[in-house]
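In listed order, ligands and their atoms are each counted from 1.
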Amino acid sequence: MSVDSDDVTVEDKKSDGENEEILESKDNEEKVEEDKEQEETDKNKSKRMYNPWKEVAIRAESERRYMENELIKLQKEVQQLYQELKKLKSPPLIIGEIVDVLDDNRVVVKSTTGPNFVVQVANFVDKSKISVGTRVSLNRDSLSVIGILSSSKDPIISEAEIIEKPKVSFKDIGGLETQIKEIKESVELPLVKPELFRKVGIDPPTGVLLIGSPGTGKTLLAQAVAQETNATFIRLVGSELVQKYIGEGGRLVRELFALAKEKSPSIIFIDELDAIAAKRIDTGTSADREVQRTLMQLLAELDGFDPLIDVRIIGASNRPDILDSALLRPGRFDRIIEVPLPNYEARLEILQIHTKRMNLNKDVDVEEIATKTDGLSGAELKAICTEAGMFAIRENHYSVSKHNFDLAIDKVKKSETLSQIKEMGAMFA
Ligand code: ATP
C-alpha cells in the first residue's frame, strides 16, 4: 500500500511538475498575446491621439491652394488691364479708302485728312481682300494700311431706311385724286408690273418730283405708295446730305443708292430736295461748292440708274423755282407732280378724314369749317382738328363742339399769319 502510495506520489509529483510547466508556458503565451494587444491598442491610441502639426499642415495646404487660385485670378485681371491700357494708349487710326492697287505691296489711299497717298500694306493684312473701294484703317504716322474695315453705311443712310412700313394708305389722303393717279402710274406700276413697260418698249420715268406748298401731303403720297407696293421706304431730308467735309455728301448719295439697290424693291424719298439741288452759281463759298458736288453725284447716280430695276426715286420740294434745271431734264426727275393747296372739296375730304375718329357734337358742321379755312394746307386742317380736341379737353368735355372748332380755326390762322410775317421779315433782312 505504502509503495503504491509512494508510487502515486512520485507520479503525481511528476505530473504536477509537467502541469506547472504547461501552465507556465501558457501563461507566457498569454502574456505575449496581451503584450501584443497592448502594443496594438497603444499604437491605435497613438494614432487616434491629437496631432496639432498635422492639422497645421492640412490648413497650410488648403491655404496654398486658395492662394494659387487667387494668383491665377489676379494674373488674368492684370492681363485684361494691360490690354485695356494698351487700347487706351494706342493712337487713333485714320479711315481711308483704296483708290488704286499698285505692285510691291503698295496702294493708293484716299483718307478723310485730305490728298491721296501711296502707302504700304502691312504684312499681316490679307491682300486678297484689298481692292479699289475697300474701306481700310491707316496708321496715323506712316498711313500704311493696317486693317480692313467692313463697308458699313453711314448712320445717316442706315437710319434713313424705315423698317416698319408707313401705315398710310391712299384712303388717308384727301382731295389729291389726280396726283394719286399720277404717282401710281410712275412709281407703283413700274414696281408692280415692270413687264408692261418691257412689252411696250419704254423706260418708266426715273424720278418723280412732288412740288407744292408745305403741308400739302407730299410726304403722305410717298408713304402711301410705299405702303401699297410693299417696297422698302428710304426717307432722307435733303439737308442731311449737306456735310461739313469735302466729298462726304457725294459719298452719302452713293451709299443711299447702294442701300436702295440692296433692299430693292425700294422707294427713295428725298424731302426738301432744294437743300442740295438749288441752281448752281459760279461764285460761291467752298460750302456752296460742296453742295454742288453732292448734287452732281445725285445726277450721276440718276444717270447711271437702270430704270427697270426695282428702285424708284421720289423727290419733294417747296421751292421748285430755285431747283437746278439739270435735275429736271428728261431721264432724271422727269415727272413733276404738283400738289396744290386744297380747294373746298379737297378741304372737305381732308377734314372728313381727320374728324373720322373724333367725338363731334351735333352742332359741328364740317362743310362750314371747310368754307372758313380757305387757303389753309392739309397739315393746317389737321392742326385745326387737333386744336379743337385740345380746347374740348381744356373745358373738361368728351365731345368737340362748334365753338371749339371756331377757336381752333382762329388759333391756326393766327399762327399762319405770324409765320407769313416772319417769312417777309426774313426776305427783307
Ligand atoms: P413739307 O413740304 O413741309 O414736308 P408735306 O407736303 O410733305 O410738307 P405732309 O408731311 O405730307 O406734308 O403732311 C403733313 C400732315 O398734314 C400729314 O401728316 C397729314 O396729317 C396732313 N395732310 C396734309 N395733306 C393732307 C391730305 N391731302 N389729306 C390728308 N391729310 C393731309
Query - Partner residues of Asp126 under the side chain to side chain contact (heavy atoms under 4.5 Å, CB included) criterion, sequence neighbours left out - result: Ser128, Lys129

Requested in this report: Using side chain to side chain contact (heavy atoms under 4.5 Å, CB included) as the criterion, list what pairs up with Asp365, not counting sequence neighbours.
Outcome: Glu367, Glu368

Report task. Below 4.0 Å from any atom of ligand 1, which residues have a heavy atom? Give them in chain and number order, please. Result -> Asp172, Ile173, Gly174, Leu176, Pro214, Gly215, Thr216, Gly217, Lys218, Thr219, Leu220, Asp271, Asn318, Ile350, His354, Gly378, Ala379, Lys382

Query raised in the report: Lys181: what forms a salt bridge (charged side-chain N to carboxylate O under 4.0 Å, His left out) with it, not counting sequence neighbours?
Result: none

Query raised in the report: Will you find, in the side chains of Asp274 and Ser317, an N or O donor that is under 3.5 Å from an N or O acceptor?
Result: yes

Query raised in the report: Thr134 and Ser131: side-chain donor and acceptor closer than 3.5 Å?
Result: yes

Query - 4.5 Å side-chain heavy-atom contact, Leu236 and Leu256 - result: yes

